[in-house]
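All values below come from the heavy atoms of this structure, side chains included, with hydrogens, waters and symmetry mates left out. Lettering follows sequence order; numbering is per chain, from 1.
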There are 2 protein chains.
Amino acid sequence: MGEKSKVTIYDLAQKLGTTASTVSRALQDNPRISLKTREAVKQLARELNYIPDPIAHHLRTGKGNVLGIVVPRIDRNFFATIISAFQAVAQKSGYQLIIAQSNENADEEAAAVRALVQKKVDGIAISLSVNSQNVDYPELCSAHNIPIVFFDRTPSDFQNYDTVTNDNFQIGYDAVLQLYKRGCRKIGHFSGPMTQRSYIDRYRGFRKALEDLHLDYHQEWIIPGITEATGYDAALRILQMNERPDGIFSAGDFSAITAMDTFMKKGLSIPRDIAIIGVANEPLDAYLATPLSSFNLHRHQIGEMTASILISRIKGDDDNQELEQPSHIIVKHELILRDSSI
Amino acid sequence: MGEKSKVTIYDLAQKLGTTASTVSRALQDNPRISLKTREAVKQLARELNYIPDPIAHHLRTGKGNVLGIVVPRIDRNFFATIISAFQAVAQKSGYQLIIAQSNENADEEAAAVRALVQKKVDGIAISLSVNSQNVDYPELCSAHNIPIVFFDRTPSDFQNYDTVTNDNFQIGYDAVLQLYKRGCRKIGHFSGPMTQRSYIDRYRGFRKALEDLHLDYHQEWIIPGITEATGYDAALRILQMNERPDGIFSAGDFSAITAMDTFMKKGLSIPRDIAIIGVANEPLDAYLATPLSSFNLHRHQIGEMTASILISRIKGDDDNQELEQPSHIIVKHELILRDSSI
DNA sequence: AATAATTTCACAAAAAGTTGCACAAAGATT
DNA sequence: AATCTTTGTGCAACTTTTTGTGAAATTATT
């Protein structure tokens with residue numbers, strides 16, 4: 001039924017010989033309107049295919065049923081999966097989703113958050129870009145009474161805010177433990193940008209495990225700044241070392257994959273010469289030339305938890321907002337063992 | 001700095017001893033307001049950190065600077081990349097993006113489109129779910145004066161609407177051609193759902209190439225309904241055939257990858273026994289056990305073109321909307337040759 | 001039957017901006 | 001000096017919905 005569009009409560013009121021206010025209340029099941037009238041209104045609304053105008057509604061009530069989510073990059077599988085899960089939960093609760101990407105850029109990120117605040121979204125979920133550390137988003141948001149939840153990449157003063165993360169310390173620890181179990185004694189690390197807590201924690205877990213296992217720590221075996229595809233360079237550096245590591249914990253899968261590729265092209269055997277464990281469990285890890293051991297971070301859970309915390313903050317907004325403690329959800333990880341470290 | 005929030009044009013007007021209308025016009029650089037006044041208004045607006053309320057603006061003008069995009073699944077790399085590119089262009093033109101996913105479900109898709117229309121987005125980009133064919137979105141949208149552009153997955157009567165696609169016929173054709181060049185003479189096909197034009201076209205291109213090259217067409221070698229990970233079953237079926245194909249054009253990478261994996265585990269050699277070419281050029285194709293030949297579909301271009309067509313439709317809305325011919329943008333593809341078909 | 005209590009609904013204001021029209025002041029023309 | 005333009009502002013209406021208040025209609029009480 002392609003209605004002409006534009007059916008307002010005034011149209012309904014006119015046809016019923018009543019007023020807009022009555023129609024509005026009737027549609028809200030306001031007990032001040034008689035049941036008879038309520039039914040008549042709803043009946044007509046259905047017939048005329050009436051849709052309340054969300055813009056006007058938003059203007060009057062200040063609630064728009066829209067959530068905002070900001071990620072470094074939409075096209076990274078990790079974030080796309082989280083968004084997907086987040087969106088599913090949001091949709092179930094009647095929220096639309098506005099997605100913004102920061103392109104790993106602090107300025108674009110700030111602009112995105114501001115735009116969302118300006119748009120008066122009901123809540124914001126955000127994963128910080130690598131070089132955003134001390135951000136003022138929580139203040140900005142709380143000034144406008146908009147709940148904010150951080151996931152995966154959190155600010156340094158994360159204790160004060162709601163967060164959903166993995167136990168990155170334990171991930172680092174577990175990686176070393178597994179490499180140790182298979183016989184590695186000289187373990188190196190491809191580390192992510194040390195501006196981000198998640199990468200710092202992975203590194204610290206790695207260090208702690210070395211310590212607990214009484215393994216040597218070689219500064220040289222820590223190759224920092226692994227972003228996307230710098231695994232190639234890292235591998236070359238390792239090949240030139242006098243004493244090479246025999247196991248590597250890479251803070252990301254992509255660098256692990258390109259490093260493995262390079263090692264193999266240079267004649268090394270994985271995992272015999274060097275064992276490798278990555279993080280993220282990218283979709284095709286299982287089908288690689290050497291299937292890559294990696295940590296499943298249960299992204300779906302991250303997305304779902306983030307959405308449900310955010311929504312519950314929105315709902316319970318009036319009650320006890322200031323009093324509540326921030327929640328810090330830790331989503332469990334799972335080491336998927338494949339040839340690269342067996 | 002952190003204003004209390006809520007500064008309206010009325011506040012500005014009051015402080016300046018003028019009225020809201022003058023402030024509104026001054027901020028819009030309306031020439032009917034003297035330069036002096038304009039400057040004074042803008043100056044004060046800056047000082048008070050005034051932000052125009054987009055909701056009120058939208059209510060009055062009907063334009064909200066928001067675009068909607070609907071995809072089957074956000075977490076498929078193909079769509080995520082397109083969204084990413086789309087978003088970049090939209091952002092540059094000052095548009096926010098609302099993203100919805102249909103989960104390959106026609107009902108959810110319809111609900112999403114309706115929600116976007118209701119929210120009065122300025123334009124909609126959509127890639128249909130596999131089983132949406134005859135959809136009424138264009139009518140719905142044009143009734144509400146919202147431009148709509150289809151990308152990748154288009155409706156069957158696509159001629160009437162703006163579309164951005166690849167030349168799927170040619171992709172099918174080129175795949176066969178390449179397999180032929182490397183010596184394959186018994187070429188099979190993993191086909192996608194035949195409800196979608198893109199897959200139909202790939203199949204038709206495949207058929208036409210067989211014909212032009214005077215190759216046999218074996219019904220048995222066409223394995224239909226490849227969605228995500230059914231490559232395993234397809235491979236098993238092929239292994240049981242009396243006469244096996246020696247080359248396969250798979251309409252998607254994932255099925256090609258799992259099929260390759262299965263073949264190899266059963267002792268066949270790729271490409272010696274069977275050569276394979278996929279479609280989509282997934283991120284890790286190059287690092288697979290056997291690197292997979294695949295078609296780069298230039299997703300970034302798809303996203304960018306879709307956004308710019310949509311935006312130009314929005315802008316040129318008043319002028320000649322009905323008169324304009326729909327545009328059908330074809331984004332070029334590129335066969336990336338890797339071991340699986342060399 | 002008259003007053004009180006309750007129910008039902010209409011009016012108008014409010015949310016924050018935009019815009020057509022009218023009107024005043026200044027400048028130009030005769 | 002009187003009339004006509006031009007320029008700059010203000011008033012009020014408009015977008016659609018929600019909601020406080022108060023009036024009318026209905027029912028109950030004595």
Between atom [atom1] in [X] and atom [atom2] in [N], what is the gap in whole Å?
| X | N | atom1 | atom2 | result |
| --- | --- | --- | --- | --- |
| B:Ile9 | D:dA12 | CD1 | C1' | 14 Å |
| B:His58 | D:dC14 | NE2 | C1' | 16 Å |
| A:Gln28 | D:dT19 | CD | C1' | 9 Å |
| B:Arg60 | D:dA13 | CZ | C1' | 8 Å |
| B:Tyr10 | D:dT9 | OH | P | 18 Å |
| A:Leu27 | D:dT17 | CG | P | 9 Å |

Heavy-atom nearest nucleotide on DNA chain C for B:Arg25 versus B:Tyr50: which residue maps closer to 5'?
B:Tyr50
Would you classify B:Leu12 as touching base, sugar-phosphate or nothing, given that sugar-phosphate means primed atoms plus P, OP1 and OP2, and contacts are heavy atoms under 4.0 Å?
nothing
What's B:Thr61 touching, base or sugar-phosphate or nothing? Going by heavy atoms closer than 4.0 Å.
sugar-phosphate
Name the orientation class of the two ring planes belonging to B:Phe158 and B:His328 (parallel below 30°, tilted from 30 to 60°, perpendicular beyond 60°).
perpendicular
Degree of bending in the helix from C:dA1-D:dT30 to C:dT30-D:dA1 once both end axes are built from five pairs, to 10°:
60°
Checking side-chain contact (heavy atoms from CB on, under 4.5 Å) between A:Tyr95 and each of A:Asp122, A:Val121, A:Val89, which is the one that passes?
A:Asp122
Is it the case that more than 12 heavy atoms not belonging to B:Gln14 sit under 6.0 Å from its CD atom?
no
What do you reckon, is CD of B:Gln159 surrounded by more than 12 foreign heavy atoms closer than 6.0 Å?
yes
Please determine whether side-chain hydrogen bond (donor to acceptor under 3.5 Å, both in side chains) holds for the pair B:Thr195 and B:Asn131, giving the CA-CA distance in whole Å, both sets of side-chain angles, and the decisive distance to 0.1 Å.
CA-CA 6 Å; B:Thr195 48; B:Asn131 34 25; over 6 Å; no
Closest-nucleotide ordering on DNA chain D, the 5'-leading residue of B:Leu59 and B:Pro31:
B:Pro31
Going 5' to 3' along DNA chain C, which are the first and last nucleotides with any atom under 4.0 Å from a heavy atom of chain B?
C:dA16 to C:dA22
Validate the cation-pi geometry between B:Arg299 and B:Phe78: distance from NZ or CZ to the six-membered ring centre under 6.0 Å, angle to the ring axis within 45°.
no
A:Glu109 and A:Tyr137: side-chain hydrogen bond (donor to acceptor under 3.5 Å, both in side chains), yes or no, with the steps?
CA-CA 10 Å; A:Glu109 181 179 282; A:Tyr137 312 143; 2.9 Å; yes
State whether B:Lys15 and B:Glu47 are salt-bridged, where the test is any N-O pair (Lys NZ or Arg NE/NH1/NH2 against Asp/Glu carboxylate O) under 4.0 Å.
no
Under 4.0 Å between a Lys/Arg side-chain N and an Asp/Glu carboxylate O for B:Lys42 and B:Asp29?
yes
What residues 32-45 of chain B contributes to the DNA chain C interface at heavy-atom separation below 4.0 Å is B:Arg32
Using the rule given for side-chain hydrogen bond (donor to acceptor under 3.5 Å, both in side chains), can you reason through A:Gln28 versus A:Ser24, listing the C-alpha separation, both sets of side-chain angles and the distance that settles it, and then say yes or no?
CA-CA 6 Å; A:Gln28 296 175 80; A:Ser24 169; 3.2 Å; yes
For A:Gln101 and B:Ile83, run side-chain contact (heavy atoms from CB on, under 4.5 Å): C-alpha distance rounded to whole Å, both residues' side-chain angles, the deciding distance at 0.1 Å, then the answer.
CA-CA 10 Å; A:Gln101 58 183 337; B:Ile83 291 175; over 6 Å; no
May I ask you to verify if any side-chain N or O of A:Ser21 is less than 4.0 angstrom from the OP1 or OP2 atom of D:dT17?
no
